[in-house]
Amino acid sequence: MLLIHAPLYLAPPSTNRIREHIHARRLGAILTPSSGNRVPEEGYWAADSGIFGNSYVGDEAYMDWLEERVEFADRCLFATAPDVPFNAFATISHSYPYLDRIRRLGYPVALVAQDHLEFCDWWRWEDFDCLFIGGSTAWKLSPAAAVLARAACAAGLWVHVGRVNSFKRLRYAAAAMDADSADGTLLANGPDKHLPSVLRWTWQLLLEEAPSLIDACRLVHDPYDGRYSLASGRTVTTAPRIPAAFYDSVQLTLL
């Protein structure tokens, strides 16, 4: 029997109730420069550049923001390097100059995985500490992203999955990606209203057993339709559809 673990859910520390759960380590915190939230007094937190949105402060301003919070770096799970949404090749080019700079500040550094990272050879596992699964929804839910996530786990890296706003998506992050943490916008929009739901997801996962990893993934849904969605709305047909049994192999963590 497979016991599915529960990734630590990261939330903006915007209300007293959420901060209480962060202090108790039932949740973690995620902060961006534009959010205006302060680092919690206790518990774990993560730094996100906030580039996926309309209020990005800029690369150097983000680095200044990280430097101002170095006293809390020992409790930071990861700090993302600036990336380019939906484009792995552009992300690698843009992120790499910041990886070592962020590490030298004392933070574990995260590379944000974007669409088609599996086809890019311009990076190495040892250059970062966390793989942050970003990208379009189609790519995020593809076997390619799952393989990268589980390979990152096998390499000893932290794995974080973004835009997780439902139990179904959290379950998939746990079962298919072996994720250590996840976040989404649910607790940014109506934080106290949705807090009980997010806490309930964790207990559901901790109590849940599935006969195999393949069954765990099937209970969510088969996420792969053979195509990746791009920001422009175009699609790119990729390799032939990968069978569901692909998930059931322990070789997954070694690919």
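In this text the structure is predicted, and so the values were computed from the model without any measurement.
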Could you please spell out the steps behind the side-chain hydrogen bond (donor to acceptor under 3.5 Å, both in side chains) verdict for Y9 and D183?
CA-CA 6 Å; Y9 199 86; D183 83 293; over 6 Å; no
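- Remark: the backbone N or O of A47 is not paired with any side-chain donor or acceptor of Y107 at under 3.5 angstrom.
- Using cut-offs of 30° and 60° for the angle between ring planes, the F132 and H160 rings count as tilted.
- The backbone N or O of T185 lies less than 3.5 Å from a partner atom in the side chain of N165, making a donor-acceptor pair.
- The distance from atom CG of L10 to atom CG of L27, rounded to the nearest 0.5 Å, is 8.5 Å.
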Could you walk me through whether L205 and L170 satisfy the side-chain contact (heavy atoms from CB on, under 4.5 Å) test, starting with their C-alpha distance in whole Å, then the side-chain angles of each, then the deciding distance to 0.1 Å, before giving a yes or no?
CA-CA 9 Å; L205 284 175; L170 186 67; 3.6 Å; yes
Run D129 and R103 through salt bridge (Lys or Arg N to Asp or Glu O under 4.0 Å) and show every step you take.
CA-CA 9 Å; D129 308 292; R103 268 183 170 172; 3.0 Å; yes
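- No side-chain heavy atom of R26 sits less than 4.5 Å from a side-chain heavy atom of T202.
- When atom types are taken as modelled, the side chain of D83 and the backbone of S95 share no donor-acceptor pair closer than 3.5 angstrom.
- Rounding to the nearest 0.5 angstrom, the gap separating the CZ atom in R124 from the CG atom in L111 is 13.0 Å.
- Atoms CD1 and OG, on I30 and S181 in that order, are 8.0 Å from each other to the nearest 0.5 Å.
- Between F89 and W122, a ring centre-to-centre spacing shorter than 6.0 Å is recorded.
- Linking Ile, Leu, Val, Met, Phe, Trp and Tyr whenever their side-chain heavy atoms come within less than 4.5 Å puts I22 and W201 in one cluster.
- The line from CH2 of W45 to CZ of F78 is 10.5 Å long, rounded to the nearest 0.5 Å.
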Donor-acceptor pairs under 3.5 angstrom involving side-chain atoms of residues 61-69: please list them, not counting sequence neighbours.
| from | atom 1 | to | atom 2 | distance (Å) |
| --- | --- | --- | --- | --- |
| Y62 | OH | T80 | N | 3.4 |
| Y62 | OH | T80 | O | 2.7 |
| R69 | NH1 | W65 | O | 3.0 |

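- For A149, the side chain to side chain contact (heavy atoms under 4.5 Å, CB included) test picks out I133, V159, M177, with sequence neighbours left out.
- No continuous path of ILVMFWY side-chain contacts below 4.5 Å connects W158 to L31, so the two sit in separate hydrophobic clusters.
- A 4.5 Å side-chain heavy-atom check between C130 and P108 finds every atom pair outside the cut-off.
- Rounding to the nearest 0.5 Å gives a distance of 9.0 Å between CG of L186 and OG of S166.
- Two residues are said to be in side-chain contact when any heavy atoms from C-beta on lie closer than 4.5 Å; N87 and D115 fail this criterion.
- Relative ring orientation between F52 and F86 is described as perpendicular, the plane-to-plane angle rising above 60° on a 0-90° scale split at 30° and 60°.
- Side-chain contact between V57 and P33 is present, with heavy atoms from C-beta onward closer than 4.5 Å.
- When the options H116, Q114, E118 are evaluated for a side chain to side chain donor-acceptor pair (under 3.5 Å) with W139, the one that passes is E118.
- R169 is not listed as a side-chain neighbour of V161, based on a closest heavy-atom distance of 4.5 Å or more.
- Rounding to the nearest 0.5 angstrom, the gap separating the CG atom in L195 from the OG1 atom in T15 is 7.0 Å.
- Crowding of Y44 atom OH: a count of heavy atoms from other residues, nucleotides or ligands under 6.0 Å not exceeding 12.
- Y56 places a side-chain heavy atom less than 4.5 Å from the side chain of S49.
- By the rule that hydrophobic residues join a cluster once side-chain heavy atoms approach within less than 4.5 Å of another member, V112 and W125 end up as members of separate clusters.
- Annotation: side chain of I18 is not in contact with side chain of P12 (no heavy-atom distance under 4.5 Å).
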Just list the side-chain donor-acceptor pairs under 3.5 Å for residues 70-77, sequence neighbours left out, or say none.
| from | atom 1 | to | atom 2 | distance (Å) |
| --- | --- | --- | --- | --- |
| R75 | NH1 | P40 | O | 3.2 |
| R75 | NH1 | G43 | O | 2.7 |
| R75 | NH2 | P40 | O | 2.9 |

Go through E41 and R19 one step at a time and tell me if the salt bridge (Lys or Arg N to Asp or Glu O under 4.0 Å) criterion holds.
CA-CA 9 Å; E41 294 80 4; R19 295 179 79 89; 3.4 Å; yes
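- Side-chain N/O atoms of D48 and T32 include no donor and acceptor closer than 3.5 Å.
- L157 and L8 fall into different hydrophobic clusters, defined by Ile, Leu, Val, Met, Phe, Trp and Tyr side-chain heavy atoms under 4.5 Å apart, directly or through other members.
- Both V39 and V109 are part of a single hydrophobic cluster, where members link through side-chain heavy atoms under 4.5 Å apart.
- Side-chain contact annotation: N189 with H194, donor-acceptor N/O pair under 3.5 Å absent.
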